[in-house]
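Only one structure is covered here, and it is reproduced in the block below.
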Amino acid sequence: MPELPEVEVVRRGLERWVAGRTVAAVEVLHPRAVRRHLEGADHFVADLTGATITAAHRRGKYLWLPLARDGVATGRVLVGHLGMSGQLLVEKPDEPREKHLRARFTFTDGGRELRFVDQRTFGGLATEDAGEGGLPVRVAHIAVDPLADDFDADAFAAALRRRRTEVKRALLDQTLIGGVGNIYADESLWRARLHGARPTDKLTRRQVDDLLEGIRDVLAESLAQGGTSFDSLYVDVNGQSGYFSRSLAVYGQLDRPCPRCGTPIRRESFMNRSSYSCPSCQPRPRARRS
DNA sequence: AGCTACTCCTGTCGGC
DNA sequence: TGCCGACAGGAGTAGC
């Protein structure tokens, strides 16, 4: 559920509240939380106990925290993905346990603990070797996200137009562009006045540039407001919600007027989820001839 | 190889 | 009330 801005908000919280601290103990309360750690929960716990978290990184919707022992990097990293409903919370040890608490980390300084809470258990944690340039292997397939310094707009435009699929599918493909999910895909398509079913190989370079500008703007604006949250599921490490939901033009705005032209926003089913768009600004493409 | 559909979960909401 | 289906911000994977 959380997309790039929401995950970046969490990363900043981890950097501020967790980096530099040494893990005293780890408790895994639900096996699914570490299901992608193939060596098992005990190995996961042993890998982290006594390790110092040195930083907090993000690519797309993945987070990873490098580990050190005795001041020396171990070459291992803690990788996390929030999935649809995951939260990483920094809380006082005496706070009551959340209903969906899946793992908790205490620290040698006796201060606030780190909790992984995840209602739907689509998210997860694992440790692994830091790969090339410190990038974990399980994150390596994720494309550089559009807010990163090394994002290559020309390469993105070329790769997008090489695809033979619909533009919204492409935006949700994390190997093509990192960090965009259902909300920000719809919002950026609206900004670029494109219907999500437009074929990628028919987009002009100008349209791709408009789309990219829409993506960058909407992600940056959302991040500046602390991300989007409709309810208490999407929060920073202190449990606080962002405010960008007030600024959404189309997502979740069925029958409300398009902020640009006033036409009521429509909802369509797409890839088994909802897509919102303006029928006037974003006309559906004619069926592709095969 | 590239693309699509399915699947993993829990909770909430609206209709009957 | 309660039961049932639809839906929720993701992504790995099997299969075509």
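Numbers restart at 1 for each chain; the letters A, B, ... are given by sequence-line order, proteins then strands. None of these values were measured; they are calculated from a predicted model.
Contact check on A/Glu98 versus A/Arg104 returns no salt bridge, with no Lys/Arg side-chain nitrogen under 4.0 Å from an Asp/Glu carboxylate oxygen. Comment: A/Asp47 engages A/Arg76 in a salt bridge, judged by a side-chain N to carboxylate O separation of less than 4.0 angstrom.
In this structure, A/Lys99 does not reach the B/dT10 phosphate: none of its side-chain N or O atoms is under 4.0 Å from OP1 or OP2. Residue A/Arg32 places no side-chain N or O under 4.0 Å from the OP1 or OP2 atom of B/dC8. Not one side-chain nitrogen or oxygen of A/Tyr184 sits closer than 4.0 Å to the OP1 or OP2 atom of C/dG9. Taking 4.0 angstrom as the limit, A/Ser85 places none of its side-chain polar atoms (N or O) nearer than this to OP1 or OP2 of B/dG11. For A/Ser274 and C/dA8, the shortest distance from a side-chain N or O to OP1 or OP2 is below 4.0 Å.
Annotation: side chain of A/Arg260 is in contact with side chain of A/Arg193 (closest heavy-atom distance under 4.5 Å).
Each of B/dC9, C/dG9, B/dT10 was ranked by its minimum atom distance to the side chain of A/His100; first place goes to B/dT10. Counting only heavy atoms from C-beta on, A/Arg169 has its side chain closest to B/dT4 among C/dA11, C/dG9, B/dT4. Closest to the A/Thr121 side chain, of the nucleotides B/dC3, B/dC9, C/dA11, is B/dC9. Which of C/dA8, B/dC3, C/dA11 sits closest to the side chain of A/Met84 comes down to C/dA8. Checking C/dA11, C/dG9, B/dC3 against every side-chain atom of A/Arg163, the shortest atom distance belongs to B/dC3. The side chain of A/Asn182 has C/dG10 as its nearest neighbour among C/dG10, B/dC3, C/dT13.
With no hydrogens or angles considered, a side-chain donor-acceptor pair links A/Ser274 and A/Arg267 at under 3.5 Å. For the residue pair A/Thr228 / A/Tyr184, a side-chain donor-acceptor distance below 3.5 Å is found, with atom types taken as modelled. For the residue pair A/Thr52 / A/Arg21, no side-chain donor-acceptor distance below 3.5 Å is found, with atom types taken as modelled.
Annotation: A/Arg205, atom CZ; neighbour count of heavy atoms from other residues, nucleotides and ligands within 6.0 Å is above 12.
For the pair A/Phe122 and B/dC9, the ring geometry does not qualify as stacking, because the centroid separation below 5.5 Å and plane angle under 30° are not jointly satisfied.
Summarising the geometry, the separation between CG on A/Asp173 and P on B/dA1 is reported as 16 Å, rounded to the nearest angstrom. Atom NZ in A/Lys61 sits roughly 10 Å away from atom P in C/dG12 (whole-Å rounding). Distance A/Arg120 CZ to C/dG12 P: 16 Å, rounded to the nearest Å. A/Ile142 places its CD1 atom 10 Å from the C1' atom of C/dG10, with the value rounded to the nearest Å. At whole-Å resolution of the value, CZ in A/Phe270 and P in C/dG9 are 13 Å apart. Spacing between atom CG of A/Asp118 and atom C1' of C/dA8 amounts to 13 Å, rounded to whole angstrom units. Atom P of nucleotide C/dG10 and atom CG of A/Leu4 are separated by 11 Å, given to the nearest angstrom. Atom pair A/Arg36:CZ and C/dT13:P shows a separation of 6 Å (rounding to whole Å applied).
Nearest-nucleotide assignment on DNA chain B puts the 5′-proximal partner with A/Asn272, out of A/Arg102 and A/Asn272. For the pair A/Arg138 and A/Gln119, both in contact range of DNA chain C, the more 5′-proximal nearest nucleotide belongs to A/Gln119.
Among the atoms of the strands shown, only primed sugar atoms or phosphate atoms (P, OP1, OP2) are found under 4.0 Å from some heavy atom of A/His141. Heavy atoms of A/Tyr62 sit under 4.0 angstrom from primed sugar atoms or phosphate atoms, though from no base atom. A/Arg35 comes within 4.0 angstrom of no nucleic acid atom, judged by non-hydrogen atoms across all strands.
Spacing of P atoms, B/dC6 relative to C/dA6, comes out at 14 Å, to the nearest Å. Across B/dC9 and C/dT13, the matching P atoms stand 15 Å from one another, rounded to whole Å.
In this structure, B/dT12 forms a base pair with C/dA6, meeting either the Watson-Crick or the G-U wobble geometry with both donor-acceptor distances under 3.5 Å.
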